[in-house]
Amino acid sequence: MTDLSSRYGTSKRPRWFWPAVAAVGITLGVAFAAWVGFQKDPVTGRLWGYEVLDDNLVAVKLDVIRPDPLAVQCTVYAQSEDHSIVGEKTVDIPASPREKVRVEIDIETQSRAVNGVLRTCVPAD
């Protein structure tokens, strides 16, 4: 019988090598997550309310908050009772010196909707 170390050789790395690599990786991951988490969003959109006007129309009200006067593009949609999307609309909101703007968007629907939902608000290209 032969000794395994004489057959395969010994490891050149010390025992603490892989735990140290893991600790550095975890530290970098946590630092990156904290950096991303504390970044200020250029645009924030909030659903203020919605109203089902009839079988083919839903009015959605949004609050768009932007620290800089930049143009924004918001996408909203309407859902039916079974959660399927029955209407969707993307609108461009022009740049404004006001930080907070309330916008009302009418969504035409294929069938009766039960709610309106904000999908995204992002800076316009």
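Along the sequence shown, residues carry numbers from 1. This one's a predicted model, so the numbers in the text were calculated from it and none came from an experiment.
Closest heavy-atom contact between Pro19 and Trp16: CD-O, 3.4 Å. In this structure, Lys100 and Ile65 approach most closely via the heavy-atom pair CG-CG1, 4.0 Å.
Within the 4.5 Å cutoff, the side chain of Pro123 has heavy atoms near those of the Pro42 side chain. Here the side chains of Val86 and Gln79 are not in contact, with every heavy-atom distance at 4.5 Å or above. Proximity of Lys89 to Cys74: side-chain heavy atoms (C-beta onward) are nowhere separated by under 4.5 Å. Side-chain contact check for Thr27 versus Val24: every heavy-atom pair is 4.5 Å or farther apart.
Judged as a salt bridge (Lys or Arg N to Asp or Glu O under 4.0 Å), the pairs with a partner in residues 101-118 (not counting sequence neighbours) are, in order, Asp55-Arg112, Asp63-Arg102.
Thr120 contributes no side-chain N or O that, together with a main-chain N or O of Val122, makes up a donor-acceptor pair within less than 3.5 Å.
The hydrophobic cluster containing Ile93 also includes Val43, Leu47, Tyr50, Val52, Val58, Val60, Leu62, Val64, Leu70, Val72, Val76, Val91, Val101, Val103, Ile105, Ile107, Leu118, under a criterion of side-chain heavy atoms closer than 4.5 Å among ILVMFWY residues, counted directly or through chains of members. Residue Trp35 belongs to a hydrophobic cluster whose other members are Phe32, Val36, with links defined by side-chain heavy atoms closer than 4.5 Å. The hydrophobic cluster containing Val21 also includes Phe17, Trp18, under a criterion of side-chain heavy atoms closer than 4.5 Å among ILVMFWY residues, counted directly or through chains of members.
At a cut-off of 3.5 Å, with distance as the only test, no side-chain donor of Ser80 or Ser111 sits close to an acceptor on the other residue.
For Glu88, the salt bridge (Lys or Arg N to Asp or Glu O under 4.0 Å) partners two or more places apart in sequence, or in a different chain, are Arg119. In this structure Arg46 satisfies the salt bridge (Lys or Arg N to Asp or Glu O under 4.0 Å) test with no other residue, sequence neighbours excluded.
Taking CG of Asn115 as the reference point, atom CD of Glu51 lies at 13.5 Å (rounded to 0.5 Å).
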